[in-house]
Structure formats: C-alpha cells, structure tokens
Amino acid sequence: MAQPSNEEIVRRYYEVQAAHDYDAAGALRDPDWYCDWPQSGERVRGNANDRAIMDNWPGGRPSDLSVRVVGSEDQWIATPSNTIQRVIGSGDFWFADGTSLYPDGSTWFLSVLIQLRRGKVYRETWYFAPPFDAPAWRAPWVERMA
C-alpha cells in the first residue's frame with residue numbers, strides 16, 4: 001500500500017481533530033510533537049499533554065472543538081468551532097487558514113503553520129485574531145475585501 005502524501009497526512013490530521021479523535025491525532029504525530037500558541041506564550045509538548053488539556057477542560061470536554069485556545073485565566077478559555085478554508089504547502093511545511101466561531105457569536109481568524117517530519121506532524125504554531133475595523137486614514141490606498 002502506498003504511503004500517503006504529506007498533503008493527505010495534513011488533511012487527515014485536521015479531520016481527526018475536528019472529530020475529536022485524540023487517539024488518531026496522536027498516531028499522526030511525531031513522538032517529539034509540540035504545538036505553540038504565541039499569543040498566550042504557551043507550548044504544548046507531547047500528545048499526552050494535549051490530551052490532558054482536552055480531558056481537563058473547564059466544564060467538561062468540549063463537544064464542538066477543533067481549535068484549542070488556553071491561557072492563564074478562564075477568560076482566555078473558549079470552545080470555538082472552526083472551518084479550515086485552505087491547506088497549502090509542499091514538502092514538510094504546510095499552512096492552513098480559516099475561521100473560528102466562538103460561543104459568544106464572534107468569529108476570529110486563524111492561521112496554522114504545520115511542519116512534518118518522517119511522515120508525521122512534528123510542529124504546529126497556531127495564531128488567532130479577532131477582526132477589527134480598518135482605520136479610515138488608509139482608505140485611499142487599500143481595497144475593501146468582501
């Protein structure tokens with residue numbers, strides 16, 4: 001049987017995360033896997049720690065969660081539902097972007113950098129950002145996106 005391509009591995013990885021299949025996600029990860037959340041200054045090292053975060057989620061394991069945001073205060077804990085809109089890359093380096101819908105009704109943008117090693121997910125870096133109004137002073141030099 002042919003080995004899956006790196007693109008197939010990345011797409012499968014997002015599928016199992018969306019399905020909350022933590023065993024399958026762990027099987028797709030390199031033994032040295034880690035995930036960085038630069039905005040909160042945190043690194044999750046190892047599949048067991050990622051799973052423990054999900055198992056100890058305040059109020060019980062999230063049911064509609066495919067993006068994990070964890071900070072030092074409860075105000076940073078949210079259970080968004082995300083939509084990956086694009087997965088692009090080549091070789092061992094991949095990028096995904098999309099949106100996350102939070103329980104308060106807000107939609108945030110997300111970007112994920114993912115690195116593979118030996119056919120496994122090795123490193124992830126997740127960025128989350130809320131939308132904001134464009135400043136009026138830039139209007140003469142920009143196009144408004146739909």
Side-chain angles (χ1 to χ4, degrees), residues 1-72 74-134 138 141-146:
M1 185 172 202
Q3 284 289 100
S5 69
N6 283 355
E7 180 177 0
E8 290 168 331
I9 292 167
V10 170
R11 290 186 182 279
R12 175 73 180 138
Y13 185 66
Y14 288 124
E15 288 171 7
V16 301
Q17 284 189 331
H20 310 291
D21 187 342
Y22 306 116
D23 292 331
L28 290 168
R29 289 176 175 159
D30 185 271
D32 296 325
W33 171 88
Y34 67 88
C35 180
D36 288 343
W37 298 319
Q39 288 153 300
S40 63
E42 296 173 285
R43 173 171 288 165
V44 180
R45 189 177 298 278
N47 193 57
N49 287 327
D50 186 53
R51 179 113 187 217
I53 289 169
M54 302 313 297
D55 289 343
N56 290 284
W57 199 272
R61 184 181 283 180
S63 60
D64 254 344
L65 180 70
S66 48
V67 175
R68 293 172 298 283
V69 181
V70 179
S72 60
D74 285 350
Q75 69 198 31
W76 290 100
I77 298 172
T79 58
S81 173
N82 82 334
T83 302
I84 297 294
Q85 297 166 329
R86 175 174 51 171
V87 174
I88 58 172
S90 65
D92 287 341
F93 296 93
W94 293 82
F95 166 81
D97 69 347
T99 56
S100 292
L101 175 62
Y102 285 79
D104 68 1
S106 65
T107 298
W108 288 36
F109 297 96
L110 65 90
S111 294
V112 184
L113 303 173
I114 190 167
Q115 181 180 352
L116 285 82
R117 181 169 77 173
R118 297 184 300 260
K120 300 277 187 175
V121 176
Y122 169 57
R123 185 181 326 187
E124 296 175 70
T125 304
W126 289 72
Y127 297 95
F128 308 90
F132 57 88
D133 291 329
R138 287 198 301 242
W141 304 287
V142 300
E143 297 174 24
R144 294 295 300 167
M145 296 171 27

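Each residue takes its place number in the sequence, starting with 1.
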Exercise. Backbone N or O of Arg117 within a donor-acceptor pair of the Asp92 side chain at under 3.5 Å?
Worked result: no
For this session: Using the side-chain contact (heavy atoms from CB on, under 4.5 Å) rule, take Ile9 and Trp94 through it: C-alpha gap first, then chi angles, then the decisive distance, then the call.
Result: CA-CA 11 Å; Ile9 292 167; Trp94 293 82; over 6 Å; no
Exercise. Where is the tightest heavy-atom contact between Asp50 and Val44, given as atom of each residue plus distance?
Worked result: N-CG1, 3.6 Å
Exercise. Is the side chain of Lys120 donor-acceptor paired with the backbone N or O of Ala27 at a distance under 3.5 Å, no angle test?
Worked result: yes
Problem set entry | Residues Glu124 and Trp33: side-chain donor-acceptor under 3.5 angstrom | yes
For this session: Report the C-alpha separation of Arg51 and Asp23 in whole Å, then their side-chain angles, then the decisive distance to 0.1 Å, and conclude whether the side-chain contact (heavy atoms from CB on, under 4.5 Å) test is met.
Result: CA-CA 9 Å; Arg51 179 113 187 217; Asp23 292 331; 2.7 Å; yes
Exercise. Nearest 0.5 Å, what's the CG-CD distance between Asp21 and Glu15?
Worked result: 11.0 Å
Exercise. In Å and rounded to the nearest 0.5 Å, what is the SG to CZ distance from Cys35 to Arg123?
Worked result: 11.5 Å
Seminar exercise, completed: Looking only at heavy atoms, the pair that brings Trp126 and Pro38 closest together is O-CD, 3.3 Å
For this session: Taking only Lys NZ, Arg NE, NH1 and NH2, and the carboxylate oxygens of Asp or Glu, determine whether Glu8 and Arg12 approach each other closer than 4.0 Å.
Result: no
For this session: Test Tyr127 against Leu113 for side-chain contact (heavy atoms from CB on, under 4.5 Å), laying out the working first.
Result: CA-CA 9 Å; Tyr127 297 95; Leu113 303 173; 4.1 Å; yes
Exercise. Distance from Asp36 atom CG to Arg45 atom CZ, nearest 0.5 Å?
Worked result: 8.5 Å
Problem set entry | Spacing of CD1 belonging to Ile114 relative to OH belonging to Tyr14, to within rounding of 0.5 Å | 4.5 Å
For this session: Looking only at non-hydrogen atoms, find the nearest pair between Ala134 and Arg144 and report the distance.
Result: CB-NH1, 3.1 Å
Problem set entry | Atom of Pro131, atom of Trp108 and distance for their closest heavy-atom approach | CD-CA, 4.3 Å
Exercise. Going through the checks in order, is the side-chain contact (heavy atoms from CB on, under 4.5 Å) test met by Thr99 and Phe109?
Worked result: CA-CA 4 Å; Thr99 56; Phe109 297 96; 4.1 Å; yes
For this session: For Asn47 and Ala25, work out which heavy atoms get closest and say how close.
Result: OD1-C, 4.5 Å
Exercise. Can any side-chain N or O of Asp30 pair as donor or acceptor with the backbone N or O of Asp32 at less than 3.5 Å?
Worked result: yes
For this session: To the nearest 0.5 angstrom, please state how far the CD atom of Gln17 sits from the OH atom of Tyr22.
Result: 9.0 Å
Exercise. Could you give the distance from CD (Gln39) to OG1 (Thr125), rounded to the nearest 0.5 Å?
Worked result: 11.0 Å
